[in-house]
**Student:** 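I have a structure here, written as structure tokens, and I will follow up with some questions on it.
Labels below follow one simple rule: chain letters A, B, ... track the order of the sequence lines, proteins then strands, and each chain is numbered from 1. Predicted, not measured: the structure shown is a model, and the values here were computed from it.
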Amino acid sequence: MIRYKANLKEQILQSLMDRYPLKESQLHISYTPQAKMGDLALPFPLQLAKEMKRHPRELATEIVPLLSDLPRIDKIEVAGPGFINLFLNRRDFFLHQVDSLDKRTFQQEEKKIIIEHTNINPNKAAHVGHLRNAVLGDTLGRCLKYKEENVEIQNYIDDTGIQVVDVTFGFMDMEHKTLEDIQKIEGKFDYYCWDLYTRVFSYLEKHPDSQSRKSEILRKIEDGQQPEAEIAEHISRRILRAHLETMKRIDVSYDVLPCESSILGRKFWDKAFSLLKEKEAIYLVDEGLNKGCWVMRIEDDEEREKIIIRSDGTVTYVGKDIAYQLWKFGLLQKDFYYEPFIEDNGKTIWISTAEPNEPAPTFGDGTLVYNVIDTRQSYLQKIVVQGLKSLGYQSQAKKSIHYSYEMVALSPKSLDELGQKVSAEDKERDFVEVSGRKGLGVKADDLLDRLEQKAFLEVEKRNQELPSEQRRLIARQIATGALRYFMLKFARNSIIVFDFEEALNFEGETGPYLQYSLVRINSIFRKLKDRENFAEKDLKTLVLEQNIPIDTLPEQEQADFWELVFYASQFEEEIQHSVCSLEFSHLAKFAFNLCQKFNAYYHKYQVLAEKDQNTKSLRIWTIQYVREILKRVLSLMGIPQPARM
RNA sequence: GCGCCCGUAGCUCAGCUGGAUAGAGCGUCUGACUACGAAUCAGAAGGCCGUAGGUUCGAAUCCUGCCGGGCGUACCA
């Protein structure tokens, strides 16, 4: 559709440019609200009439004859206040769409695109909020790859931050454990730390004097002194493995894991610091509240300055992030070393190291960077970009994109269900923010377990003949599909108030609904093969061989065929649109609408039982086309495609 | 205080750079399984798109004020 519209645009401009002051930017091609009004709508006469001070309808009527030789168009009409509506030749258009299925629509635009997502502090189990981040980032990556882009997925590991210090403190000073004791802990280590972290937090509230011990731990971790450093490393690596396992459950993976410890070890910050000093982007404060700190001025705010280096000489998160962002664009003239961390479905995920290591692929050096981080960090992200600007990297600053989204919060009801105490204050609110410190939150693995369990029961009911191993697999696929669709269906600026009943639903606008639609289509083809020995062929070959005119169908069926096929043909526009706006709820809605249309068609028209060969073949074309589109859209959203369910 | 975001059906949400009669899902109520799988479909009820102005041939959409809610604004990340 994208290419078809582009062609159409060019032709319309060609036909009209001599006579009318029509600019390309004015020539949008949209869709009619109703099928009976035609297929494509041109609103430009309305605008043009204003400029030319003429009546829009009159102008539109005058233009119509000039468009008579547009390709694959049956009829042109003036409608409403002055729209020009195009009726496509259904057969030609369909053949053209089938023909373009295996052709490239998109071209690579960037040398390399880096997406940073997930970024969970390695001190506790992942929760639902992290799942939203990972699903958004992963989906963006899949779509960009579909658009022929070279994409690198990075998951930044803050392995030397305060959060890791807190848990280290918990193990050493509260539980008096040695590294060996910690290594012996069995079961889910990330869950263990989840609980420990909340205990640490309440302990610290009661014992403010522990701050000095925490500072000591932080320093020792940064300097590599034992046993603090090795304990912290054990904690963060072990939890990182747990996070990667969790993400694997929803088919999210990464190329490289840059660590904060390597940023320190490789002295990225020292380099960034001297650059910032040199350009006078930051300066030392010698009086007032921020005395002894290196700070950056905030744009549009004369009063405020953001601290980059604390008075004790340690660098804040933002400082390290500026260094990291510079590295992503290849502006630091320094690089990490790497080693393999884990194998994920035959692919190596690399982790950064500070010391030289075995040969590794090259990472970083992107031309466009997306940072998937929730909207609460907008301010910090703005400062990072400002850092790039003040170093003179204007174009990189523009290509440094904060992909922001709203948080996942909890309904008071779901808190109750988790058995967590709700304060009187929180009860009054519509939602409660997830809090790692208070241990308030739905753990990602718990949610996935519940989804899987529920899916397994449903699969068991319907597929008793399948071996249990396969039922397990299907249950996993359904759980993944349900979760990923749930995370994508909301617009990114919408706060998801998490509710178990809603998230565990498999009916209506859900992932399983989409999966079920595909299973139904596949099932028709399976039966065609079993019963009639129907040999599945490439759609294009099939259509060319059979060469059946569409207008032999009854009028109603022609209209129903067309509604489905025409809608399906818009899928690449939806991808484009979703990527431009970073709004994958568009893609999700598209998939859902497509399935709704398909299911309606499915109920109305039989394929297997149809006696008339031509009609039957046309129906096969239709569902095969829909299947192809649906498969692509599902895989872009990372929704698995079960064989049965 | 300042900055960003949100307010659409009983509930949860879509609605693209302004376009034709504001759409889904859940819930409620009617119907449809000797199967191409009912995790589905057909249908009904349900709306002053927070509010008041402005721009426009045209506004849920753009601008301004107000009301209500959220999040930022840390020598936490």
**Student:** Determine which nucleotide pairs with C4(B), using a 3.5 Å limit on both distances of a Watson-Crick or G-U wobble pair.
**Tutor:** G70(B)
**Student:** Which part of the nucleic acid does S311(A) contact within heavy-atom distance under 4.0 Å: base, sugar-phosphate only, or nothing?
**Tutor:** base
**Student:** Can you check the Y567(A) OH to C16(B) P distance for me, whole Å?
**Tutor:** 14 Å
**Student:** As a test of reading the structure: which of C6(B), A74(B), A39(B) is closest to the side chain of K306(A), going by heavy atoms?
**Tutor:** A74(B)
**Student:** Which part of the nucleic acid does E501(A) contact within heavy-atom distance under 4.0 Å: base, sugar-phosphate only, or nothing?
**Tutor:** nothing
**Student:** Work out how far the C1' atom of U8(B) is from that of G46(B), and round it to whole angstrom.
**Tutor:** 14 Å
**Student:** Which base sits across from U21(B) as a Watson-Crick or G-U pair, both distances under 3.5 Å?
**Tutor:** none
**Student:** In terms of heavy-atom contacts, does CD of E465(A) have more than 12 from other residues, nucleotides or ligands at under 6.0 Å?
**Tutor:** yes
**Student:** Return the nearest nucleotide to the side chain of K589(A); candidates are A39(B), G25(B), C13(B).
**Tutor:** C13(B)
**Student:** Please confirm whether the shortest side-chain N or O distance from R429(A) to OP1 or OP2 of G69(B) is below 4.0 Å.
**Tutor:** no
**Student:** When all nucleic acid strands are considered with a 4.0 Å heavy-atom cut-off, which category describes K291(A): base, sugar-phosphate, or nothing?
**Tutor:** base
**Student:** Heavy atoms only, 4.0 Å cut-off, all strands: where does D499(A) land among base, sugar-phosphate and nothing?
**Tutor:** nothing
**Student:** Roughly how many Å apart are U17(B) and A60(B), using the C1' atom of each and rounding to a whole number?
**Tutor:** 16 Å
**Student:** Near E536(A) CD, under 6.0 Å, is it more than 12 heavy atoms from other residues, nucleotides or ligands?
**Tutor:** yes
**Student:** Can you tell me if the side-chain N/O atoms of Q596(A) get under 4.0 Å from OP1 or OP2 in G25(B)?
**Tutor:** yes
**Student:** I want to check one thing: is the phosphate of C6(B), taken as OP1 and OP2, less than 4.0 Å away from some side-chain N or O of Y405(A)?
**Tutor:** no
**Student:** May I ask you to decide if the ring planes of W194(A) and H127(A) are parallel, tilted or perpendicular, using 30° and 60° as cut-offs?
**Tutor:** perpendicular
**Student:** Give me the ring orientation class for Y513(A) and F592(A): parallel if the planes are under 30° apart, tilted from 30 to 60°, perpendicular past 60°.
**Tutor:** tilted
**Student:** Could you state the atom-to-atom distance from CG of L582(A) to P of U17(B) in whole Å?
**Tutor:** 14 Å
**Student:** Strictly below 4.0 Å, N to O, side chains only: are K604(A) and E563(A) in salt-bridge contact?
**Tutor:** no
**Student:** Under 4.0 Å between any heavy atoms, over every strand shown, what does N463(A) touch: base, sugar-phosphate, or nothing? Just pick one.
**Tutor:** base
**Student:** For M407(A), which contact category applies under a 4.0 Å heavy-atom criterion: base, sugar-phosphate, or nothing?
**Tutor:** sugar-phosphate
**Student:** Given that both distances must come in under 3.5 Å, which nucleotide forms a Watson-Crick or G-U wobble pair with U30(B)?
**Tutor:** A42(B)
**Student:** From C-beta outward on A600(A), which listed nucleotide comes closest to its side chain: G19(B), A39(B), A42(B)?
**Tutor:** A42(B)
**Student:** Side chain of E433(A): nearest nucleotide among A77(B), C13(B), G72(B)?
**Tutor:** G72(B)
**Student:** For nucleotides A9(B) and A14(B), find the distance between their C1' atoms and express it as a whole number of Å.
**Tutor:** 13 Å
**Student:** For I521(A), which contact category applies under a 4.0 Å heavy-atom criterion: base, sugar-phosphate, or nothing?
**Tutor:** nothing
**Student:** Does a side-chain N or O from S494(A) land closer than 4.0 Å to OP1 or OP2 of A14(B), or not?
**Tutor:** yes
**Student:** In whole angstroms, how far is the C1' atom of C75(B) from the CD1 atom of I162(A)?
**Tutor:** 10 Å
**Student:** Select from C293(A) and G80(A) the residue whose nearest nucleotide in RNA chain B is closer to the 5' end of that strand.
**Tutor:** G80(A)
**Student:** Nearest of A20(B), C41(B), G72(B) to any side-chain atom of H603(A)?
**Tutor:** C41(B)
**Student:** Write down the distance separating the C1' atoms in G25(B) and G72(B), rounded off to the nearest Å.
**Tutor:** 32 Å
**Student:** When the distance from NZ of K597(A) to P of G23(B) is rounded to whole Å, what number comes out?
**Tutor:** 12 Å
**Student:** Under 4.0 Å between a Lys/Arg side-chain N and an Asp/Glu carboxylate O for R219(A) and E216(A)?
**Tutor:** no
**Student:** Where the side chain of M37(A) is concerned, which of U40(B), A20(B), A77(B) is the nearest nucleotide?
**Tutor:** A20(B)
**Student:** Heavy atoms only, 4.0 Å cut-off, all strands: where does Y513(A) land among base, sugar-phosphate and nothing?
**Tutor:** sugar-phosphate
**Student:** By nearest atom, which of the nucleotides G72(B), A74(B), U21(B) is closest to the K36(A) side chain?
**Tutor:** U21(B)
**Student:** Side chain of H586(A), base of C16(B): donor and acceptor closer than 3.5 Å?
**Tutor:** no
**Student:** Just call it for I309(A): base, sugar-phosphate, or nothing, with non-hydrogen atoms closer than 4.0 Å on any strand.
**Tutor:** nothing
**Student:** With heavy atoms under 4.0 Å as the rule, sort I307(A) into base, sugar-phosphate or nothing.
**Tutor:** base
**Student:** Checking base pairs now: Watson-Crick or wobble, both atom distances under 3.5 Å. What partners A14(B)?
**Tutor:** none
**Student:** Output yes when K589(A) and E574(A) qualify as a salt bridge under the 4.0 Å nitrogen-oxygen rule, no when they do not.
**Tutor:** no
**Student:** Rounded to whole angstrom units, what separation is found between the CZ atom of F590(A) and the C1' atom of G23(B)?
**Tutor:** 17 Å
**Student:** Check step by step if ring-ring contact (aromatic ring centres under 6.0 Å, His included) holds for F431(A) and F498(A).
**Tutor:** CA-CA 9 Å; F431(A) 60 83; F498(A) 184 83; over 10 Å; no
**Student:** Could you tell me how far A59(B) sits from C16(B) if I compare only their P atoms? Round to whole Å.
**Tutor:** 15 Å
**Student:** Identify whether the distance between the nearest side-chain nitrogen and carboxylate oxygen of K454(A) and E458(A) falls below 4.0 Å.
**Tutor:** no
**Student:** I308(A) CD1 to A74(B) P: how many Å, rounded?
**Tutor:** 12 Å
**Student:** Base, sugar-phosphate or nothing for F431(A)? Non-hydrogen atoms, less than 4.0 Å.
**Tutor:** sugar-phosphate
**Student:** Please classify the glycosidic conformation of C33(B) as syn (within 90° of 0) or anti (everything else).
**Tutor:** syn
**Student:** Let me spell it out: for each of P43(A) and Y601(A), pick the nucleotide of RNA chain B with the closest heavy atom. Which residue's pick is nearer the 5' end?
**Tutor:** P43(A)
**Student:** Between R520(A) and A38(B), is there a side-chain N or O to OP1/OP2 distance below 4.0 Å?
**Tutor:** yes
**Student:** So does N599(A) reach the base of A42(B) with its side chain, donor to acceptor, closer than 3.5 Å?
**Tutor:** no
**Student:** Could you tell me the separation between the CZ atom of F592(A) and the C1' atom of U40(B), rounded to a whole number of Å?
**Tutor:** 12 Å
**Student:** Side chain of N290(A) only, please: which of A39(B), A77(B), C75(B) is the nearest?
**Tutor:** C75(B)
**Student:** With both distances kept under 3.5 Å, what pairs with U51(B), Watson-Crick or G-U wobble?
**Tutor:** G65(B)
**Student:** Counting the atoms with a prime plus P, OP1 and OP2 as sugar-phosphate, which does A588(A) contact under 4.0 Å by heavy atoms, base, sugar-phosphate, or nothing?
**Tutor:** nothing
**Student:** Under 4.0 Å between any heavy atoms, over every strand shown, what does L528(A) touch: base, sugar-phosphate, or nothing? Just pick one.
**Tutor:** nothing
**Student:** Considering only side-chain heavy atoms of S585(A), which listed nucleotide, G19(B), G15(B), A20(B), is closest?
**Tutor:** G15(B)
**Student:** Regarding I495(A), tell me which of base, sugar-phosphate or nothing describes its non-hydrogen contacts under 4.0 Å with the strands shown.
**Tutor:** sugar-phosphate
**Student:** Please answer whether the main-chain N or O of G38(A) pairs with a side-chain N or O of T32(A) as donor and acceptor at a distance below 3.5 Å.
**Tutor:** yes
**Student:** Could you state the NZ-C1' distance from K454(A) to A39(B), rounded to the nearest angstrom?
**Tutor:** 9 Å
**Student:** Under 3.5 Å, is there an N or O donor on one side and an acceptor on the other linking the side chain of E507(A) and the base of U40(B)?
**Tutor:** no
